[in-house]
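Contents: one structure, followed by commentary.
Along the sequence shown, residues are numbered consecutively beginning with 1.
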Amino acid sequence: MAGRINDDDVKAVRDAVPIDAVVSEYLQLRNAGGGNLKGLCPFHDEKSPSFQVSPSKGLFHCFGCQEGGDTIAFIRKIDHLSFSEAVERLAAKAGITLRYEEGGYNPSHQRGERIRLVEAHQAAAQFYIEQLGSPEAEIGRKFLAERGFDQAAAAHFGVGYSPAGWDHLTRFLRGKGFSDKELLTSGLAQESRRNPIDRFRGRLMWPIRDVSGEVVGFGARKLRDDDNGPKYLNTPETPIYKKSQVLYGIDLAKKDIAKSSRAVVVEGYTDVMACHLAGVTTAIATCGTAFGGDHIKILRRLLMDNGSARVIFTFDGDAAGQKAALRAFEDDQKFAAETYIAIAPDNMDPCDLRLAKGDEAVADLVQPRTPLFEFAIRQIVGRYDLETPAGRAAALDEAAPIVARIKNVASQHEVAVQLAGILGILDTQFVVKRVAQLARWARDRGGKGPAPAQNRRQQYESAAPRAAAPGPALNLRSPAHRTERELLKLALQHPHLVSPAFDAYGIDEFTAPPYAAVRQCIQEAGGATDAPSDYLPAVMDSAPNDVVRALVTELAVEAIHARTVDEAYAGEQLVAVRRRAVDRRLLDIQGTLARLGQHGDPAQLAAVQNELWVLQQYGQALRNKGAAAL
């Protein structure tokens, strides 16, 4: 084994590499007073910074988790290195050659595993860069040029090319002193029947660097039709590469992310390149996985994660992009930063947008447009017909639990009000209370989420009646239900008194689902006008099940609540049911206007406003003229 590192060399390493310079590669530091700096601790989750660095003493300490030490201790802890590995890494950064007490200079093959794997990747990255200039790589250079990337752009991002042969890189790295075991462990090579072969062959190569700038993996894009592999092939999980813990472009973007308190999350390597070349130098991307909690931890440390920080996601507008946005929203509350989504016109990604419309269009794209929570809610409610009570009820049922997950109570209230506007529910307090109730349920259930959907639905069943079907028990104390029941009894027992007006009533004018089902039966039996002698049997035969059939029988024999059953009484019931239907429709239209706002389509706004005026006039006529206005 290699000997112990010389004590003087260890001291020289500590003195040569300022601790604040090292820590700043991983998180944003700000003035804490007294010559100290502070930031969000990288070793535990926290909302306010308790991690402090003293440049003059060369030490760090977290007052939250109690981690502390010097520069070497920091590197050991954050990158999971041994003492020797941490010293060797810092020595390489400072250009210091280390001496070992036993055995002289340290042979390269005896150095720590992480150091060796990183060195193999650095050597591979340089090899790929050199190969990009070869005749074979013409197809790769053409690919880049077609996407607006010249030689300078490729050099800036370290883009390279892996030769199409079986073991070009493997033989090159063997010549550099790396063992087959190291090549297989690094993911740069893979097993074959005889000897290890290159994992990446005939592909365009993007080096993936960690936040400190070290190459830890690669993303490889296929170029030829005879390549049967996936479109993008990434380094497998290795001791130094965890795809859920790396962000492509973070090494280039970290300083501007910290400076501007803004990060732009895009979907691919070429999108990162396009953004940076267009001046959006805070762009980063995930590497073959969804944006998740570990990615958030990296960004939070760089953003100092306060309320003024912004994270903008640029997903495609297609179904996959929308799904990715909804996944990102699931982790939204792990940020203190405000989160937004930006979708380019015609659903173009930043790379395509830059090609089509230039750098300025890319810069304009990532100016915050739509808050992520609003996008998520609109994607959910967009699946429902908000023109119907049932549609609004179902949309509220799915969207309210999302709003209830918002941790900040003030924000939760504000978003609940916005949800009411999106749904067109004028009773804003109903929605606010609904969201607050779900939030309480979630807390009571230990953060396991709101109560089951069946329980949630019962809370607003009466506020948003559903389509015709045998449904919940009738509320006989409801004025609307009493009037609907009375009108149905008249239609079954004295059809001539309500004809022909009754047959023009829609099924949706009966708000109780069981009554709507009976109205449906009357319609299918031919209606109440000129009812034949077998009218009641026909209505009963039209019932879909025994429950509805029993209700028809019940209504056909129940006494009508009037001393005199005549046309005047029938007219009162007809008018009462119709007026309530008009009032409900007026609320629907007002909700539609609220959703359209001032920026809706002028023709659509005009049509809705005209319908509102017509219904208002009709409602006034019903109040003034009664049955004569029907």
Side-chain angles (χ1 to χ4, degrees), residues 247-250 253 257 260-268 270-272 274-276 278-286 289-293 295-296 298-300 302-303 305 307-354 356-357 360-383 395 398-399 401-403 405-408 411-412 414-416 418-419 421-423 595 597 599:
L247 288 164
Y248 177 72
I250 193 68
I257 289 175
S260 65
S261 288
R262 188 178 85 157
V264 176
V265 182
V266 298
E267 293 194 275
T270 56
D271 293 332
V272 171
C275 284
H276 279 252
V280 183
T281 54
T282 59
I284 45 93
T286 59
T289 186
F291 189 85
H295 300 125
I296 290 173
I298 297 172
L299 284 185
R300 287 187 67 240
L302 295 175
L303 291 166
D305 207 20
S308 64
R310 292 180 175 181
V311 178
I312 302 113
F313 294 90
T314 63
F315 295 112
D316 290 346
D318 59 14
Q322 292 173 9
K323 185 176 180 181
L326 293 177
R327 281 199 304 267
F329 177 74
E330 292 175 3
D331 287 322
D332 174 73
Q333 293 309 304
K334 294 179 181 178
F335 278 116
E338 296 180 29
T339 55
Y340 298 85
I341 186 167
I343 297 178
D346 301 321
N347 294 335
M348 289 186 287
D349 57 35
C351 182
D352 291 337
L353 182 64
R354 179 171 177 262
K357 300 185 178 181
E360 188 175 343
V362 177
D364 290 341
L365 167 65
V366 298
Q367 296 303 319
R369 290 289 192 272
T370 305
L372 188 56
F373 74 81
E374 181 180 326
F375 175 83
I377 291 171
R378 288 190 182 279
Q379 289 300 307
I380 289 171
V381 302
R383 298 196 293 265
E398 187 173 353
I402 288 180
V403 182
R405 291 211 310 265
I406 297 176
K407 294 178 182 179
N408 184 288
S411 297
Q412 184 187 98
E414 182 177 346
V415 176
Q418 293 183 34
L419 175 60
I422 292 171
L423 294 175
R595 287 194 300 277
H599 305 292

Review point. Val366 and Ile312: which non-hydrogen atoms are nearest, and at how many Å?
Key: O-CD1, 3.7 Å
Exercise for review: Could you tell me the separation between the CG atom of Leu419 and the CD atom of Glu374, rounded to the nearest 0.5 Å?
Suggested key: 11.0 Å
Check your understanding: Do the non-hydrogen side-chain atoms of Val362 and His276 ever get within less than 4.5 Å of each other?
Key -> no
Check your understanding: Between Ala278 and Ala363, what is the shortest heavy-atom contact and its length?
Key -> O-CB, 4.4 Å
**Study point:** Ile284 and Val264, any side-chain heavy atoms less than 4.5 Å apart
**Key:** no
Point to revise | From CZ (Arg378) to CD1 (Ile341), nearest 0.5 Å | key: 13.0 Å
Practice item. Can you see which heavy atom on Cys275 is nearest to which on Pro350, and at what distance? Key: SG-CB, 3.8 Å
Practice item. Indicate yes or no: at least one non-hydrogen side-chain atom of Thr314 is less than 4.5 angstrom from one of Ile343. Key: no
Point to revise | Heavy-atom pair with the smallest gap, counting every atom of Leu353 and Ala361 | key: CD2-O, 3.6 Å
Exercise for review: Apply side chain to side chain contact (heavy atoms under 4.5 Å, CB included) to Ala395 and list each qualifying residue two or more places apart in sequence or on a separate chain.
Suggested key: Val381, Tyr384, Leu386, Leu423
**Study point:** From Arg310 atom CZ to Thr282 atom OG1, the distance as rounded to the nearest 0.5 Å
**Key:** 12.0 Å
Review point. Which distance, rounded to the nearest 0.5 Å, do you find between the OG1 of Thr286 and the OH of Tyr248?
Key: 13.0 Å
Exercise for review: Would you mind reporting whether Ile377 and Val415 have side-chain heavy atoms less than 4.5 Å apart?
Suggested key: yes
Practice item. Could you tell me whether the side chain of Ile250 reaches within less than 4.5 Å of the side chain of Leu302, counting heavy atoms only? Key: yes
Study note, to complete from the structure: Shortest non-hydrogen pair, Glu398 vs Pro401, comes out as O-CD, 3.4 Å
Check your understanding: Any side-chain heavy atom of Val403 within less than 4.5 Å of one from Gln418?
Key -> no
Review point. Which heavy atom of Gly249 sits nearest a heavy atom of Val272, and at what distance?
Key: CA-CG1, 4.4 Å
Review point. Would you say Ile380 and Ile402 make side-chain contact, with heavy atoms under 4.5 Å?
Key: yes
**Study point:** Distance (rounded to the nearest 0.5 Å) between Glu267 CD and Phe313 CZ
**Key:** 11.0 Å
